[in-house]
Amino acid sequence: MKAIDCLVNVHFGESEKQPSWMLKVRDDYFKGPKSMFEPVDLAELLDEMDEQGVQKAILMDSLAKPSVTARKFVEAKPERFALAIGGVNLLRPMPSLKELGAIVNDLPVAYAAVGPSFWGDGQYPPSDAVYYPLYTKCAELELPLCINTGLPGPPIPGEVQNPIHLDRICVRFPELKLCMIHGADPWWDIAIRLLIKYTNLRLMTSAWSPKRLPDSLLHYMRTRGPNKVIFASDWPVLKMRRVVPEALALDLPGEVLENYLYNNAAEFFFGQEREQ
């Protein structure tokens, strides 16, 4: 069964030294190997993708610190990779948004991204007007926007990532294609209610082992939300070799599993018609 991995990090190895909170996440939260922050070899990544049936991967990039590796991989294999662009300066938005528009015109960009807990000392929930220029630009570009939801792994403020903050945004920006990423723990029920409520909203399970997904989400996928939940690994935090087999083992009907692994992302991020 084929898949699209909608959140892959190839930029970790570009930094000689990781911030202490990143090391803490690796060592204490995910208990990951030391190799998590090593440079990525294109051939090895493609081998893992081919082994697991991953047709395409979306690579994290940033306006604030562009990833040489991500852009090199996209240039080498545009049929296999696209970019996710973060790093918009929301306190001085206009230069960043002009740059975002230029990158969308020049490179294959699947979505923009922002993590409310990871900038501004976690002071600004997504309902704050400081985000409105970004929402407007993404709606104008017809570019999906992914927003971190759920308590973050690092020891930083997390309340701003409660998905309830997206309620007002979905009302005010119905044209905006919006996706919650990194799950929504411990607010899964709020996220599911929002998914039921709003046609323009999705949820991505990046950074979540599929076997750890809550029963309430799997029930929603089997019933009212077969088109709303999107697969991703957060590689190399979680390897495709781990999460794809775990996803295939979920108690989901075949059509729902195909949607989760491939069709929902193909439609939402790449505008492809749903396969029958």
Side-chain angles (χ1 to χ4, degrees), residues 4-50 52 54 56-90 92 95-120 134 143 145-148 152-156 181-182 204 206-207 232-243 269:
I4 298 174
D5 192 336
C6 293
L7 203 161
V8 169
N9 302 284
V10 297
H11 62 282
F12 289 158
E14 296 174 357
S15 300
E16 291 185 9
K17 184 178 180 181
Q18 296 292 333
S20 59
W21 63 266
M22 284 284 285
L23 297 175
K24 187 174 181 63
V25 168
R26 181 193 66 187
D27 298 338
D28 298 343
Y29 201 74
F30 287 101
K31 301 189 183 303
K34 301 296 183 183
S35 62
M36 185 181 292
F37 297 138
E38 291 180 355
V40 178
D41 180 78
L42 174 59
E44 291 180 3
L45 177 58
L46 288 170
D47 284 346
E48 185 171 351
M49 291 170 63
D50 292 341
Q52 299 302 323
V54 176
K56 187 181 284 285
I58 301 175
L59 310 180
M60 295 304 297
D61 196 4
S62 173
L63 296 179
K65 189 176 181 182
S67 169
V68 174
T69 307
R71 298 193 185 192
K72 181 176 68 175
F73 285 8
V74 165
E75 182 179 352
K77 293 286 184 180
E79 74 281 6
R80 302 298 300 274
F81 298 112
L83 296 175
I85 304 294
V88 173
N89 182 350
L90 297 177
R92 292 289 303 277
S96 285
L97 296 179
K98 288 179 180 178
E99 185 178 357
L100 176 63
I103 291 174
V104 169
N105 286 333
D106 291 341
L107 296 170
V109 178
Y111 61 82
V114 64
S117 286
F118 292 85
W119 73 278
L134 176 61
L143 179 68
L145 175 63
C146 291
I147 298 184
N148 290 37
I156 55 179
I181 60 174
H182 295 343
M204 186 192 298
S206 48
S233 65
D234 201 22
W235 189 99
V237 176
L238 294 175
K239 293 282 192 175
M240 297 175 202
R241 291 190 175 103
R242 172 181 173 180
V243 293
F269 292 128

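Throughout, residue positions are numbered sequentially from 1 according to the sequence presented.
Residues Pro154 and Phe118 meet the side-chain proximity criterion, which asks for heavy atoms closer than 4.5 Å. Side-chain contact check for Pro66 versus Asp61: some heavy-atom pair is nearer than 4.5 Å. Contact annotation: the side chain of Ile58 never approaches that of Leu7 to less than 4.5 Å [non-hydrogen atoms, C-beta and beyond]. Between Val8 and Met60 the shortest side-chain heavy-atom distance does not fall below 4.5 Å. Under the 4.5 Å side-chain criterion, counting only non-hydrogen atoms from C-beta, Glu14 is not in contact with Pro39. The shortest side-chain heavy-atom distance between Leu42 and Phe81 falls under the 4.5 Å cut-off. With a 4.5 Å cut-off on side-chain heavy atoms, Val54 and Arg80 do not count as touching. Side-chain contact between Asn9 and Pro236 is present, with at least one heavy-atom pair separated by less than 4.5 Å.
No side-chain N or O of Ser96 forms a donor-acceptor pair with one of Asn89 less than 3.5 Å apart. Between the side chains of Thr69 and His11, no donor N or O sits under 3.5 Å from an acceptor N or O.
Between Val40 and Phe73, the shortest heavy-atom distance links the atoms O-CZ, 3.7 Å. Closest non-hydrogen pair, Leu238 versus Ala207, comes out as CD1-C, 3.6 Å. Residues Arg71 and Ser62 approach most closely at NH2-O, 4.1 Å, considering heavy atoms.
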Test side-chain contact (heavy atoms from CB on, under 4.5 Å) on Val237 and Phe12 and set out the steps.
CA-CA 10 Å; Val237 176; Phe12 289 158; 4.2 Å; yes

Could you walk me through whether His182 and Met204 pass side-chain contact (heavy atoms from CB on, under 4.5 Å), step by step?
CA-CA 6 Å; His182 295 343; Met204 186 192 298; over 6 Å; no

Mind running side-chain contact (heavy atoms from CB on, under 4.5 Å) on Asp234 and Val243 for me, showing each step along the way?
CA-CA 10 Å; Asp234 201 22; Val243 293; over 6 Å; no

side-chain contact (heavy atoms from CB on, under 4.5 Å) between Leu97 and Leu134, worked out
CA-CA 7 Å; Leu97 296 179; Leu134 176 61; 3.9 Å; yes

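Within the 3.5 Å criterion, the main-chain N or O of Ala82 finds no donor-acceptor partner in the side chain of Lys56.
Atom NZ of Lys72 sits about 14.0 Å away from atom NZ of Lys77, to the nearest 0.5 Å. Distance check: Trp235 CH2 to Asp5 CG gives 10.0 Å after rounding to the nearest 0.5 Å. Note that the CD atom of Glu48 and the CZ atom of Arg241 stand 4.0 Å from one another [nearest 0.5 Å].
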Could you give the side-chain donor-acceptor pairs of residues 101-113 under 3.5 Å, partners two or more places apart or in another chain?
from, atom 1, to, atom 2, distance (Å)
Asn105, ND2, Gly101, O, 3.3
Tyr111, OH, Cys6, O, 2.7

